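Following: one structure in structure tokens, then a few remarks.
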Amino acid sequence: QVQLVESGGGLVEAGDSLRLSCAASGRTFSGYLIAWFRQAPGKEREFVARIDRSGSITYYSDSVRGRFTMSRDNAKNKAYLLMNSLKFEDTAVYYCAASSWYGSRVAAHEYTYWGQGTQVTVSS
């Protein structure tokens, strides 16, 4: 299995940027599809972004496409989410998740391993 730890969250103003990190330990990091999800108070957990094993293919939700950029460094066992032009509605707990599946995976139940989450709060 793989253990995931998120960091980099915080309180920012609308329009600011943040970079979240996801540090992995355990089994080979490059063997997993990695995604970011988020959950706002009173809402279901939603897909944000996904990156393939090699780091060459990314996919984003409509709500963040063009503002967020996901990347990974398999040599460092880390994944990142660069969030630009943050909006109030981006406020949520952000989770890093890993899946051993292949292909287009955007549903939370398709991801086996999860971090504890990091809070991102955007003031308007």
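Computed over heavy atoms, backbone and side chain alike; hydrogens, waters and symmetry mates excluded. Just so it is clear, the model here is predicted, and its values are computed rather than measured.
Side-chain atoms of Tyr111 come within 3.5 Å of backbone atoms of Arg105 as a donor-acceptor pair (strictly under, hydrogens ignored). Using modelled atom types, one side-chain atom of Thr118 and one backbone atom of Gly9 make a donor-acceptor pair closer than 3.5 Å. In this structure, Arg65 contributes its side chain and Tyr60 its backbone to a donor-acceptor pair below 3.5 Å. Distance alone, capped at 3.5 Å, places no donor-acceptor pair between the Asn74 side chain and the Asn77 backbone. With hydrogens and angles disregarded, no donor-acceptor distance shorter than 3.5 Å links the side chain of Ser7 to the backbone of Leu20.
Contact check for Ser99 versus Tyr32: no side-chain heavy atoms found under the 4.5 Å cut-off. Looking at Ser104 and Arg50, their side chains come closer than 4.5 Å, going by heavy atoms from C-beta outward. For the pair Ser17 and Asn84, the minimum side-chain heavy-atom distance is below 4.5 Å. Here the side chains of Gln3 and Tyr113 are not in contact, with every heavy-atom distance at 4.5 Å or above. At least one side-chain heavy atom of Val120 sits under 4.5 Å from a side-chain heavy atom of Leu18. Residues Ile57 and Ile51 are not in side-chain contact: their nearest non-hydrogen atoms beyond the backbone lie 4.5 Å or more apart. Annotation: side chain of Phe47 is in contact with side chain of Tyr59 (closest heavy-atom distance under 4.5 Å).
Checked against the 6.0 Å centroid criterion, the rings of Phe37 and Trp114 qualify as a close aromatic pair.
The two atoms that bring Glu13 and Val122 nearest to each other are C-CG1, 3.9 Å, heavy atoms only. Shortest non-hydrogen contact noted between Ile34 and Ala79 is CG2-CB, 3.9 Å. Minimum interatomic distance between Leu86 and Arg67 (heavy atoms only, all atoms of both residues): CA-NH1, 3.9 Å. In plain terms, the two heavy atoms of Ala98 and Val2 that are nearest each other are CB-CG1, 3.9 Å. Across Ser124 and Ala14, no two heavy atoms sit closer than the pair CA-CB, 4.4 Å.
Separation of atoms OG (Ser61) and CD (Glu46) is listed at 6.0 Å; rounding is to 0.5 Å. Taking CD from Gln119 and CD from Gln39, the interatomic distance works out to 11.0 Å, rounded to the nearest 0.5 Å. To the nearest 0.5 angstrom, Phe68 atom CZ is 9.0 Å from Ser85 atom OG. Distance CG/Leu81 to CH2/Trp36: 6.0 Å, rounded to 0.5 Å.
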Using salt bridge (Lys or Arg N to Asp or Glu O under 4.0 Å), reason through Asp90 and Lys87 one step at a time and then give a plain yes or no.
CA-CA 5 Å; Asp90 293 320; Lys87 303 176 181 180; over 6 Å; no
Evaluate the criterion side chain to side chain contact (heavy atoms under 4.5 Å, CB included) for residue pair Ser63 and Arg38; output intermediate values, then yes/no.
CA-CA 12 Å; Ser63 60; Arg38 66 186 182 186; 3.4 Å; yes
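Of the residues listed (Ser71, Cys22, Cys96), the one engaging Tyr80 in a side chain to side chain contact (heavy atoms under 4.5 Å, CB included) is Ser71, and it is the only one.
Note that Arg72 lies in the cation-pi zone of Phe29, set by a 6.0 Å cut-off to the ring centre and a 45° limit from the axis. For the pair Arg45 and Tyr95, the distance from NZ or CZ to the six-membered ring centre is under 6.0 Å and the angle to the ring normal is within 45 degrees. Geometrically, Arg53 engages Tyr102 in a cation-pi contact defined by less than 6.0 Å to the ring centre and at most 45° from the axis.
Side-chain atoms of Thr91 and Glu89 include no donor-acceptor pair closer than 3.5 Å. Under the 3.5 Å distance criterion, with hydrogens and angles disregarded, no donor-acceptor pair is assigned to the side chains of Thr28 and Ser30.
Leu4 and Val93 sit in two unconnected hydrophobic clusters of ILVMFWY residues. Membership requires side-chain heavy atoms under 4.5 Å apart, directly or through other members. A single hydrophobic cluster is seen to contain both Met83 and Val64, as judged by linkage of ILVMFWY side chains at heavy-atom distances under 4.5 Å, directly or through other members.
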